[in-house]
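Every chain is numbered from 1, with letters handed out A, B, ... down the list of sequences.
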Protein chains: 2
Amino acid sequence: MLKLSKKVEYGLIAIRHIASVNNQISTVKEISEKYSIPSDVLAKVMQKLTKGKLITSHQGAMGGYTLARGADQISVMNVISVIEGSQMGIAQCFSEEPENCSIYLNCTIKNPLGKIQHNLELVFNSMKVSEIV
Amino acid sequence: MLKLSKKVEYGLIAIRHIASVNNQISTVKEISEKYSIPSDVLAKVMQKLTKGKLITSHQGAMGGYTLARGADQISVMNVISVIEGSQMGIAQCFSEEPENCSIYLNCTIKNPLGKIQHNLELVFNSMKVSEIV
DNA sequence: TTAAATACGACTTGTGTAGTCCTATTTCAT
DNA sequence: ATGAAATAGGACTACACAAGTCGTATTTAA
Ligand code: SF4
Ligand code: SF4
(Lines give C-alpha, C1' and ligand atoms only; values in the text may rest on other atoms or scores of the structure.)
(Ligands and ions follow the chains in the order given, each with its own letter.)
Protein backbone atom coordinates (compact mmCIF):
# COMPACT_ATOMS: atom_id res chain seq x y z
CA MET A 1 0.00 0.00 0.00
CA LEU A 2 1.29 3.43 -1.01
CA LYS A 3 4.23 1.72 -2.65
CA LEU A 4 5.60 2.47 -6.10
CA SER A 5 5.50 -0.52 -8.44
CA LYS A 6 8.67 -2.19 -9.63
CA LYS A 7 7.78 -1.10 -13.14
CA VAL A 8 7.96 2.54 -12.09
CA GLU A 9 11.23 1.98 -10.29
CA TYR A 10 12.68 0.25 -13.33
CA GLY A 11 11.50 3.10 -15.52
CA LEU A 12 13.14 5.67 -13.28
CA ILE A 13 16.38 3.73 -13.16
CA ALA A 14 16.43 3.38 -16.94
CA ILE A 15 15.69 7.02 -17.66
CA ARG A 16 18.22 8.14 -15.12
CA HIS A 17 20.75 5.82 -16.73
CA ILE A 18 20.27 7.26 -20.20
CA ALA A 19 20.59 10.75 -18.77
CA SER A 20 23.75 9.73 -16.95
CA VAL A 21 25.45 8.65 -20.18
CA ASN A 22 24.62 11.99 -21.74
CA ASN A 23 21.66 10.72 -23.72
CA GLN A 24 23.69 8.27 -25.75
CA ILE A 25 21.64 5.46 -27.21
CA SER A 26 21.16 2.67 -24.66
CA THR A 27 19.71 -0.83 -25.04
CA VAL A 28 17.49 -2.92 -22.83
CA LYS A 29 20.19 -5.57 -22.59
CA GLU A 30 22.76 -3.08 -21.41
CA ILE A 31 20.50 -1.55 -18.77
CA SER A 32 18.98 -4.80 -17.55
CA GLU A 33 22.41 -6.33 -17.03
CA LYS A 34 23.91 -3.30 -15.36
CA TYR A 35 21.11 -3.00 -12.78
CA SER A 36 20.04 -6.67 -12.57
CA ILE A 37 16.57 -5.97 -13.91
CA PRO A 38 14.67 -8.77 -15.71
CA SER A 39 15.06 -7.82 -19.35
CA ASP A 40 11.56 -8.82 -20.45
CA VAL A 41 9.98 -6.65 -17.79
CA LEU A 42 12.23 -3.73 -18.58
CA ALA A 43 11.49 -4.12 -22.28
CA LYS A 44 7.79 -3.57 -21.74
CA VAL A 45 8.46 -0.64 -19.45
CA MET A 46 10.56 0.97 -22.15
CA GLN A 47 7.80 0.43 -24.67
CA LYS A 48 5.36 2.23 -22.41
CA LEU A 49 7.76 5.09 -21.87
CA THR A 50 8.12 5.32 -25.64
CA LYS A 51 4.38 5.43 -26.17
CA GLY A 52 4.22 8.09 -23.49
CA LYS A 53 6.77 10.12 -25.42
CA LEU A 54 9.22 10.33 -22.55
CA ILE A 55 11.86 8.42 -24.51
CA THR A 56 12.44 7.73 -28.20
CA SER A 57 13.01 4.25 -29.59
CA HIS A 58 15.46 3.36 -32.36
CA GLN A 59 14.58 0.02 -33.88
CA GLY A 60 16.81 -2.53 -35.52
CA ALA A 61 20.41 -3.48 -34.96
CA MET A 62 22.44 -0.78 -33.21
CA GLY A 63 19.11 0.53 -31.97
CA GLY A 64 18.01 1.39 -28.45
CA TYR A 65 16.53 4.32 -26.61
CA THR A 66 17.30 7.96 -26.01
CA LEU A 67 15.47 10.59 -23.98
CA ALA A 68 12.74 12.47 -25.81
CA ARG A 69 13.35 15.64 -23.80
CA GLY A 70 15.73 17.04 -21.23
CA ALA A 71 16.09 15.20 -17.94
CA ASP A 72 15.05 18.39 -16.21
CA GLN A 73 11.72 18.17 -17.98
CA ILE A 74 10.84 14.63 -16.94
CA SER A 75 9.25 14.40 -13.50
CA VAL A 76 8.67 11.34 -11.36
CA MET A 77 4.98 12.05 -11.86
CA ASN A 78 5.42 11.81 -15.64
CA VAL A 79 6.96 8.40 -15.28
CA ILE A 80 4.24 7.19 -12.91
CA SER A 81 1.42 8.41 -15.15
CA VAL A 82 2.86 6.92 -18.31
CA ILE A 83 3.72 3.54 -16.83
CA GLU A 84 0.57 3.10 -14.79
CA GLY A 85 -1.55 4.32 -17.66
CA SER A 86 -3.73 6.46 -15.43
CA GLN A 87 -3.55 9.40 -13.11
CA MET A 88 -2.20 8.74 -9.64
CA GLY A 89 -5.06 8.73 -7.15
CA ILE A 90 -4.72 8.33 -3.42
CA ALA A 91 -8.31 7.10 -3.31
CA GLN A 92 -10.64 5.43 -5.78
CA CYS A 93 -12.72 8.56 -6.36
CA PHE A 94 -9.67 10.50 -7.56
CA SER A 95 -8.55 8.07 -10.22
CA GLU A 96 -11.85 6.72 -11.51
CA GLU A 97 -15.50 7.66 -11.63
CA PRO A 98 -16.52 8.85 -8.14
CA GLU A 99 -19.76 6.91 -8.47
CA ASN A 100 -17.76 3.70 -8.44
CA CYS A 101 -17.29 4.14 -4.72
CA SER A 102 -20.43 2.90 -3.00
CA ILE A 103 -19.73 5.21 -0.10
CA TYR A 104 -19.15 8.38 -2.08
CA LEU A 105 -22.31 10.21 -1.03
CA ASN A 106 -21.80 9.51 2.67
CA CYS A 107 -18.04 9.96 2.57
CA THR A 108 -16.77 12.59 4.98
CA ILE A 109 -13.10 12.33 4.12
CA LYS A 110 -12.96 12.89 0.38
CA ASN A 111 -12.33 16.62 0.68
CA PRO A 112 -9.49 16.37 3.18
CA LEU A 113 -8.01 13.50 1.19
CA GLY A 114 -8.21 15.78 -1.82
CA LYS A 115 -5.86 18.17 -0.08
CA ILE A 116 -3.44 15.36 0.60
CA GLN A 117 -3.72 14.26 -3.01
CA HIS A 118 -2.83 17.75 -4.14
CA ASN A 119 0.21 17.89 -1.91
CA LEU A 120 1.42 14.51 -3.13
CA GLU A 121 1.10 15.71 -6.70
CA LEU A 122 3.29 18.67 -5.84
CA VAL A 123 5.95 16.35 -4.45
CA PHE A 124 5.98 14.00 -7.42
CA ASN A 125 5.81 16.78 -9.95
CA SER A 126 8.66 18.74 -8.46
CA MET A 127 11.14 15.86 -8.42
CA LYS A 128 12.78 15.75 -11.85
CA VAL A 129 15.01 13.04 -13.27
CA SER A 130 17.80 15.59 -13.55
CA GLU A 131 17.93 15.69 -9.74
CA ILE A 132 18.45 11.96 -9.66
CA VAL A 133 21.50 11.86 -11.90
CA MET B 1 -0.75 1.68 -6.62
CA LEU B 2 -0.18 4.59 -4.26
CA LYS B 3 -3.76 4.17 -3.10
CA LEU B 4 -4.91 4.12 0.51
CA SER B 5 -6.63 0.88 1.49
CA LYS B 6 -10.33 0.80 2.31
CA LYS B 7 -9.39 -0.18 5.84
CA VAL B 8 -7.53 3.07 6.29
CA GLU B 9 -10.41 5.05 4.81
CA TYR B 10 -12.87 3.30 7.10
CA GLY B 11 -10.64 4.03 10.06
CA LEU B 12 -10.43 7.69 9.19
CA ILE B 13 -14.18 7.94 8.71
CA ALA B 14 -14.81 6.24 12.04
CA ILE B 15 -12.38 8.35 14.01
CA ARG B 16 -13.68 11.51 12.39
CA HIS B 17 -17.20 10.42 13.29
CA ILE B 18 -16.41 9.93 16.95
CA ALA B 19 -14.72 13.31 17.02
CA SER B 20 -17.73 14.88 15.34
CA VAL B 21 -20.08 13.70 18.09
CA ASN B 22 -17.81 15.20 20.68
CA ASN B 23 -16.19 11.94 21.67
CA GLN B 24 -19.40 10.34 22.83
CA ILE B 25 -19.29 6.56 22.84
CA SER B 26 -20.04 5.17 19.37
CA THR B 27 -20.69 1.62 18.22
CA VAL B 28 -19.63 -0.29 15.12
CA LYS B 29 -23.28 -0.81 14.21
CA GLU B 30 -24.03 2.88 14.37
CA ILE B 31 -21.01 3.89 12.28
CA SER B 32 -21.29 1.09 9.74
CA GLU B 33 -24.93 1.92 9.07
CA LYS B 34 -24.43 5.65 8.88
CA TYR B 35 -21.63 5.43 6.32
CA SER B 36 -22.60 2.16 4.60
CA ILE B 37 -19.47 0.36 5.70
CA PRO B 38 -19.51 -3.47 6.03
CA SER B 39 -19.74 -3.96 9.79
CA ASP B 40 -17.43 -6.94 9.98
CA VAL B 41 -14.69 -5.09 8.21
CA LEU B 42 -15.14 -2.01 10.33
CA ALA B 43 -15.12 -4.11 13.48
CA LYS B 44 -11.65 -5.41 12.77
CA VAL B 45 -10.44 -1.94 11.86
CA MET B 46 -11.67 -0.66 15.21
CA GLN B 47 -9.88 -3.49 16.98
CA LYS B 48 -6.64 -2.50 15.32
CA LEU B 49 -7.13 1.14 16.20
CA THR B 50 -7.73 0.03 19.78
CA LYS B 51 -4.55 -2.03 19.89
CA GLY B 52 -2.75 0.96 18.42
CA LYS B 53 -4.08 3.10 21.28
CA LEU B 54 -5.72 5.64 19.02
CA ILE B 55 -9.16 4.80 20.38
CA THR B 56 -10.42 3.13 23.57
CA SER B 57 -12.87 0.23 23.56
CA HIS B 58 -15.70 -0.23 26.03
CA GLN B 59 -16.84 -3.84 26.04
CA GLY B 60 -20.25 -5.26 26.83
CA ALA B 61 -23.74 -3.87 26.41
CA MET B 62 -23.82 -0.08 26.05
CA GLY B 63 -20.21 -0.38 24.98
CA GLY B 64 -18.46 1.09 21.98
CA TYR B 65 -15.49 3.26 21.26
CA THR B 66 -14.18 6.69 22.21
CA LEU B 67 -11.03 8.52 21.13
CA ALA B 68 -7.95 7.83 23.23
CA ARG B 69 -6.62 11.36 22.68
CA GLY B 70 -7.62 14.63 21.12
CA ALA B 71 -8.52 14.71 17.46
CA ASP B 72 -5.77 17.29 16.98
CA GLN B 73 -3.26 14.70 18.13
CA ILE B 74 -4.24 11.95 15.72
CA SER B 75 -2.64 12.26 12.29
CA VAL B 76 -3.50 10.45 9.10
CA MET B 77 -0.06 8.88 9.39
CA ASN B 78 -0.96 7.48 12.81
CA VAL B 79 -4.01 5.80 11.35
CA ILE B 80 -2.07 4.39 8.40
CA SER B 81 0.71 2.98 10.59
CA VAL B 82 -1.64 1.38 13.08
CA ILE B 83 -3.95 -0.19 10.52
CA GLU B 84 -1.29 -1.38 8.12
CA GLY B 85 0.80 -2.64 10.99
CA SER B 86 4.01 -1.27 9.52
CA GLN B 87 5.65 1.95 8.55
CA MET B 88 4.55 3.51 5.30
CA GLY B 89 7.25 2.95 2.68
CA ILE B 90 7.17 4.28 -0.85
CA ALA B 91 9.59 1.49 -1.83
CA GLN B 92 10.40 -1.93 -0.48
CA CYS B 93 13.72 -0.86 1.02
CA PHE B 94 12.00 1.75 3.22
CA SER B 95 9.47 -0.57 4.84
CA GLU B 96 11.42 -3.81 5.11
CA GLU B 97 14.98 -5.02 5.19
CA PRO B 98 16.88 -3.29 2.34
CA GLU B 99 18.58 -6.60 1.52
CA ASN B 100 15.21 -8.00 0.48
CA CYS B 101 15.48 -5.97 -2.69
CA SER B 102 17.70 -7.89 -5.10
CA ILE B 103 18.64 -4.64 -6.77
CA TYR B 104 19.57 -2.69 -3.68
CA LEU B 105 23.31 -2.52 -4.27
CA ASN B 106 22.94 -1.38 -7.87
CA CYS B 107 19.98 0.89 -7.21
CA THR B 108 20.56 4.49 -8.25
CA ILE B 109 17.21 5.88 -7.15
CA LYS B 110 16.95 4.93 -3.49
CA ASN B 111 18.38 8.21 -2.27
CA PRO B 112 16.13 10.46 -4.34
CA LEU B 113 13.16 8.27 -3.45
CA GLY B 114 14.17 8.75 0.16
CA LYS B 115 13.62 12.47 -0.25
CA ILE B 116 10.18 11.84 -1.69
CA GLN B 117 9.45 9.45 1.16
CA HIS B 118 10.37 12.15 3.65
CA ASN B 119 8.12 14.70 1.99
CA LEU B 120 5.21 12.29 1.95
CA GLU B 121 5.70 11.65 5.64
CA LEU B 122 5.47 15.37 6.23
CA VAL B 123 2.17 15.52 4.37
CA PHE B 124 0.60 12.59 6.19
CA ASN B 125 1.91 13.66 9.56
CA SER B 126 0.66 17.20 9.26
CA MET B 127 -2.93 16.30 8.41
CA LYS B 128 -4.75 15.76 11.70
CA VAL B 129 -8.20 14.31 12.22
CA SER B 130 -9.28 17.59 13.78
CA GLU B 131 -8.93 19.23 10.35
CA ILE B 132 -11.28 16.66 8.90
CA VAL B 133 -14.17 17.31 11.25
C1' DT C 1 -30.22 -14.36 32.71
C1' DT C 2 -30.39 -12.08 28.51
C1' DA C 3 -29.17 -8.96 25.05
C1' DA C 4 -25.86 -5.85 23.17
C1' DA C 5 -21.64 -5.12 22.28
C1' DT C 6 -16.40 -6.08 21.36
C1' DA C 7 -12.65 -9.81 20.12
C1' DC C 8 -10.80 -12.77 16.92
C1' DG C 9 -9.67 -16.53 13.77
C1' DA C 10 -10.74 -19.03 9.34
C1' DC C 11 -12.21 -18.70 4.96
C1' DT C 12 -13.44 -17.08 0.04
C1' DT C 13 -13.15 -14.16 -3.81
C1' DG C 14 -11.31 -10.86 -6.65
C1' DT C 15 -7.65 -7.85 -8.25
C1' DG C 16 -3.07 -6.48 -9.10
C1' DT C 17 2.01 -7.33 -9.34
C1' DA C 18 5.99 -9.45 -11.08
C1' DG C 19 7.87 -12.33 -14.04
C1' DT C 20 8.33 -15.78 -18.05
C1' DC C 21 7.84 -17.35 -22.73
C1' DC C 22 7.15 -16.99 -27.52
C1' DT C 23 6.83 -14.77 -31.91
C1' DA C 24 6.90 -10.83 -35.11
C1' DT C 25 9.09 -6.82 -37.00
C1' DT C 26 12.72 -3.52 -38.00
C1' DT C 27 17.30 -2.30 -39.52
C1' DC C 28 22.33 -2.29 -39.64
C1' DA C 29 26.38 -4.65 -41.40
C1' DT C 30 28.47 -7.99 -44.15
C1' DA D 1 20.26 -11.02 -49.96
C1' DT D 2 21.14 -12.63 -45.47
C1' DG D 3 21.85 -12.87 -40.57
C1' DA D 4 22.26 -10.77 -36.24
C1' DA D 5 20.79 -7.36 -33.03
C1' DA D 6 17.51 -4.87 -31.46
C1' DT D 7 12.50 -3.17 -30.43
C1' DA D 8 7.21 -4.56 -30.33
C1' DG D 9 3.87 -6.95 -28.21
C1' DG D 10 0.57 -10.75 -26.84
C1' DA D 11 -0.35 -14.87 -23.75
C1' DC D 12 0.43 -17.01 -19.80
C1' DT D 13 1.72 -18.34 -14.80
C1' DA D 14 2.60 -17.69 -9.88
C1' DC D 15 2.07 -15.12 -6.07
C1' DA D 16 0.63 -11.60 -2.80
C1' DC D 17 -2.65 -8.46 -1.16
C1' DA D 18 -7.30 -6.37 -0.66
C1' DA D 19 -11.92 -6.76 0.59
C1' DG D 20 -15.42 -9.04 2.42
C1' DT D 21 -17.96 -13.05 4.81
C1' DC D 22 -18.89 -16.30 8.46
C1' DG D 23 -18.78 -18.42 12.88
C1' DT D 24 -17.87 -18.28 17.65
C1' DA D 25 -16.19 -16.62 22.09
C1' DT D 26 -16.09 -13.08 25.59
C1' DT D 27 -17.55 -9.10 28.23
C1' DT D 28 -20.90 -6.32 30.70
C1' DA D 29 -25.11 -3.35 31.56
C1' DA D 30 -29.78 -3.88 32.65
S1 SF4 E 1 -15.40 8.60 -1.67
FE2 SF4 E 1 -14.49 8.51 0.28
S3 SF4 E 1 -14.33 6.36 0.49
FE4 SF4 E 1 -14.92 6.48 -1.61
S5 SF4 E 1 -12.95 6.56 -2.50
FE6 SF4 E 1 -13.30 8.70 -2.26
S7 SF4 E 1 -12.43 8.95 -0.29
FE8 SF4 E 1 -12.38 6.78 -0.41
S1 SF4 F 1 16.52 -0.41 -3.53
FE2 SF4 F 1 15.92 0.76 -5.28
S3 SF4 F 1 14.71 -0.72 -6.25
FE4 SF4 F 1 15.05 -1.75 -4.38
S5 SF4 F 1 13.31 -1.01 -3.29
FE6 SF4 F 1 14.73 0.54 -2.74
S7 SF4 F 1 14.34 1.92 -4.33
FE8 SF4 F 1 13.16 0.25 -5.07
Open item on the list: As an exercise, state the distance from CD1 of B:Ile15 to CD1 of B:Ile31, rounded to the nearest 0.5 Å.
Closed with: 9.5 Å

Task: 5′-ward residue of the pair A:Gly60/A:Ser102 relative to DNA chain D - done: A:Gly60

- [ ] Please list, in 5' to 3' order, the outermost nucleotides of DNA chain D lying under 4.0 Å from any heavy atom of chain B.
- [x] D:dA19 to D:dA29

Task: Within-4.5 Å side-chain heavy-atom neighbours: B:Met88 and B:Ser81 - done: no

Open item on the list: C:dA7, OP1 or OP2 - any side-chain N/O from B:Tyr65 closer than 4.0 Å?
Closed with: yes

Open item on the list: Suppose we screen for salt bridge (Lys or Arg N to Asp or Glu O under 4.0 Å). Which residues come up paired with A:Lys7, at least two apart in sequence or across chains?
Closed with: none

Task: DNA chain D contacts made by residues 11-30 of chain A, counting heavy atoms under 4.0 Å - done: A:Thr27, A:Val28

TODO: Measure from NZ on A:Lys7 to P on C:dT20 and round the result to the nearest Å.
DONE: 13 Å

TODO: Run through the side-chain heavy atoms of Ile, Leu, Val, Met, Phe, Trp and Tyr, join any pair under 4.5 Å, and report what else lands in B:Leu105's cluster.
DONE: B:Tyr104

Open item on the list: Quick check on contacts: within residues 74-100 of chain A, what sits under 4.0 Å from DNA chain C by heavy-atom distance?
Closed with: none

TODO: Could you check which residues of residues 38-58 of chain A get a heavy atom under 4.0 Å from DNA chain D? Sort them by number, please.
DONE: A:Lys44, A:Gln47, A:Lys51, A:Ser57, A:His58

TODO: Compare all side-chain heavy atoms of B:Leu4 with those of A:Ile116 and state whether any distance is below 4.5 angstrom.
DONE: no

Open item on the list: If you define the side chain from C-beta out and look only at heavy atoms, does anything of B:Ile18 sit under 4.5 Å from B:Met46?
Closed with: yes

Open item on the list: Please list all pairs meeting salt bridge (charged side-chain N to carboxylate O under 4.0 Å, His left out) that have one or both residues in residues 8-26 of chain B, counting only residues at least two apart or in different chains.
Closed with: B:Lys6-B:Glu9

Task: Side-chain heavy atoms of A:Asn119 within contact of B:Phe124, under 4.5 Å - done: no

- [ ] Can you tell me which residue pairs pass the salt bridge (charged side-chain N to carboxylate O under 4.0 Å, His left out) test with a partner in residues 95-120 of chain B, sequence neighbours excluded?
- [x] none

- [ ] Starting at atom CD of B:Glu33, determine the distance to atom C1' of C:dA5, rounded to an integer number of angstrom.
- [x] 13 Å

- [ ] Return each pair, listed once, that meets salt bridge (charged side-chain N to carboxylate O under 4.0 Å, His left out) where at least one residue sits in residues 118-133 of chain A; pairs must be two or more places apart or across chains.
- [x] none

Going by atom type alone, with no hydrogens or angles, which donor-acceptor pairs under 3.5 Å involve a side-chain atom of residues 51-70 of chain B and a protein atom two or more places apart or on another chain?
from: B:His58; atom 1: NE2; to: B:Thr66; atom 2: OG1; distance (Å): 2.9
from: B:Arg69; atom 1: NH1; to: B:Gln73; atom 2: O; distance (Å): 2.6

TODO: Let me know, please, whether A:Leu4 or B:Gln59 comes out on the 5' side of the other along DNA chain C by nearest nucleotide.
DONE: B:Gln59

Open item on the list: Once ring pair (Phe, Tyr, Trp, His ring centres under 6.0 Å) is applied, do any residues pair with A:Phe94, and if so which ones, sequence neighbours excluded?
Closed with: none

Acceptor/donor pairs from residues 32-44 of chain A side chains to any protein atom, 3.5 angstrom cut, sequence neighbours excluded:
from: A:Ser32; atom 1: OG; to: A:Val28; atom 2: O; distance (Å): 3.1
from: A:Ser32; atom 1: OG; to: A:Lys29; atom 2: O; distance (Å): 3.1
from: A:Glu33; atom 1: OE2; to: A:Lys29; atom 2: NZ; distance (Å): 3.4
from: A:Tyr35; atom 1: OH; to: A:His17; atom 2: ND1; distance (Å): 2.8
from: A:Ser36; atom 1: OG; to: B:Asn106; atom 2: ND2; distance (Å): 3.2

Open item on the list: What is the distance, to the nearest angstrom, from the CE atom on A:Met62 to the C1' atom on C:dT27?
Closed with: 11 Å

